[in-house]
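Working notes for the structure below.
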Amino acid sequence: MKKSIKFAVAASVMTAPAMAANVPGQVNNVLSQNMENPLYMPAQRMFYSKLSNGVMLKVADDSKAHKMKNHDGEIEFPIIRIQEEMGYGITDRWAAHFSVQYTHDDDIGRTGLSAGRLGTTYRILNLYNGFVWDVYGDLHLGGIGEMRGTYNVKINGMVPAPDVAGVMDYDNYSNGMWGFHVGTKFGKKWDRLTTSAFVEVLRTFGDDNNMIRLVGDNSHKFVIGMNGTTPITATTAQFLAGAYAPNQVSADLKSTTEVNAGANAFYQWSDRWSTGAWFKYNHHADQGVKKITTHVEGAQLQTLKKLLEQQLSNMKDGFDEYIVGLSVAAQMTPHAQVALYGEYTFDTAHEKSQNGTDAKVEAGVRVNFTF
């Protein structure tokens, strides 16, 4: 009997590590707790913070929008990008999170909130073999600030039936609209390796939280009327001033649907050192105006308003990004981590997009804490 008891105790001691390794969430404990791991989730009642500070260099492509601004091929540097992400573990499988990003680009006078989210993630599966499956939903915070920009109007032809052209020059990164992200993330943790993938959809809702300044082109003249047989001409700027056009207008924008997807690989070299690699695809939809809501007086401005609505119904400013990145992280203390990261972005932009580049490179440092 005593031998049986001793054997049972010895067996329980020997099998305890194996049993612990099969508890959900315990596959390589160091791996699971690394904040750079793409499948990281905070433990119950734990806060985390990830502050990224990056510097980007961009070389503008030769899109129609850049040519109209005489900006094609120009270098934008330095572009400052700061992002804060924080979260809280409600349970070991359910977390709340918030993130905000600020971008400042002096070379094109474009600055402000460039991303913002508030949401929650739930871990549906956390299997013994290391397979993880999450679902999440986030409020898109684009409506915090209005979308601001300048539309450079160029009128051709003869009033009252002119042709209108132009390009939008954005002053900030907000689309002025609220919306929501829904997504899913899944992956697997091995001994030191983690691989994962995600896909998400962003739906925005049309709004008039915007302010568009109207600037008339001064480079050429068009016919605004006749004095007998003599044409009366004016530049677009002169026409807008003479018609008492408002300096700025607001418009109802169309709702949009965008898609993001990506894959990650992460390796834990030791208790202190780890590295990651990723690929992301971001589809940014064309913006579009449903209606200019600012009231204008007079037949000429009413005609111009309708022409602008037609011209801006599709701004042709969408673009697609293909991002590759690398990072290396060092665990400084049990609750503090520092990571260096770099990204290179390939993109394809529509003809009036100002986000098309021949080169886009970002490097930065990220500081992570748990508390």
Side-chain angles (χ1 to χ4, degrees), residues 60 63-72 74 105 107-112 145-177 206-254 286-318 350-355:
S63 69
K64 183 176 181 179
H66 283 142
K67 287 181 176 179
M68 292 180 74
K69 292 174 56 181
N70 295 316
H71 190 66
D72 52 311
E74 294 293 318
D105 187 348
D107 290 315
I108 57 173
R110 195 174 182 187
T111 187
E146 67 179 10
M147 186 275 283
R148 302 189 307 272
T150 301
Y151 191 71
N152 300 289
V153 188
K154 185 176 183 178
I155 301 177
N156 298 297
M158 180 185 292
V159 173
D163 171 62
V164 174
V167 63
M168 180 72 74
D169 188 2
Y170 295 102
D171 297 333
N172 65 355
Y173 292 88
S174 175
N175 57 13
M177 293 189 286
D207 200 355
D208 64 350
N209 185 22
N210 53 76
M211 193 55 65
I212 306 169
R213 293 191 301 275
L214 295 180
V215 175
D217 179 81
N218 242 332
S219 62
H220 78 291
K221 294 185 176 182
F222 67 100
V223 178
I224 62 172
M226 300 294 293
N227 183 10
T229 59
T230 303
I232 302 173
T233 62
T235 65
T236 304
Q238 290 170 337
F239 170 76
L240 293 177
Y244 299 102
N247 292 328
Q248 54 189 25
V249 298
S250 184
D252 274 331
L253 297 182
K254 297 178 180 178
D286 288 316
Q287 302 292 315
V289 168
K290 288 190 294 185
K291 181 181 179 181
I292 294 176
T293 56
T294 302
H295 178 72
V296 295
E297 297 284 354
Q300 289 183 326
L301 290 183
Q302 291 285 352
T303 299
L304 179 60
K305 179 179 175 179
K306 291 179 181 178
L307 290 170
L308 286 174
E309 288 173 344
Q310 295 172 8
Q311 178 72 18
L312 296 173
S313 63
N314 182 353
M315 295 186 190
K316 300 178 182 179
D317 59 351
H350 296 177
E351 63 176 295
K352 292 187 178 180
S353 173
Q354 295 170 52
N355 291 287

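Quantities reported herein were computed from a predicted structural model and do not represent experimental measurements.
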[atom1]/[X] to [atom2]/[Y] distance, rounded to the nearest 0.5 angstrom?
X: R148; Y: T111; atom1: CZ; atom2: OG1; value: 8.5 Å
X: N172; Y: R110; atom1: CG; atom2: CZ; value: 7.5 Å
X: D208; Y: T294; atom1: CG; atom2: OG1; value: 9.0 Å
X: T236; Y: K154; atom1: OG1; atom2: NZ; value: 8.0 Å
X: L312; Y: I292; atom1: CG; atom2: CD1; value: 6.0 Å

(request) For K69, check salt bridge (Lys or Arg N to Asp or Glu O under 4.0 Å) against everything at least two apart and list the hits. (result) D169
(request) Look at the side chain of K254 and the backbone N and O of S313, then say whether any donor-acceptor pair between them is shorter than 3.5 Å. (result) yes
(request) Answer yes or no: is there a donor N or O on one side and an acceptor on the other, between the side chain of N247 and the main chain of L214, under 3.5 Å? (result) no
(message) Contact between I212 and Y170 at the side-chain level, heavy atoms closer than 4.5 Å - yes or no?
(response) no
(message) Using a 6.0 Å cut-off, check whether atom NZ of K291 has over 12 heavy atoms from anything other than its own residue.
(response) no
(request) Answer with yes or no whether the side chains of N218 and T235 bring together a donor and an acceptor at under 3.5 Å. (result) yes
(request) Just jot down the ring pair (Phe, Tyr, Trp, His ring centres under 6.0 Å) partners of H350, sequence neighbours excluded, or say none. (result) none
(message) Walk me through whether K305 and V296 qualify under side-chain contact (heavy atoms from CB on, under 4.5 Å).
(response) CA-CA 8 Å; K305 179 179 175 179; V296 295; 3.9 Å; yes
Donor-acceptor contacts under 3.5 Å from residues 220-232 side chains, at least two apart:
unit_1	atom_1	unit_2	atom_2	d
H220	ND1	D217	OD2	3.4
H220	NE2	I155	O	3.2
H220	NE2	N156	OD1	2.9

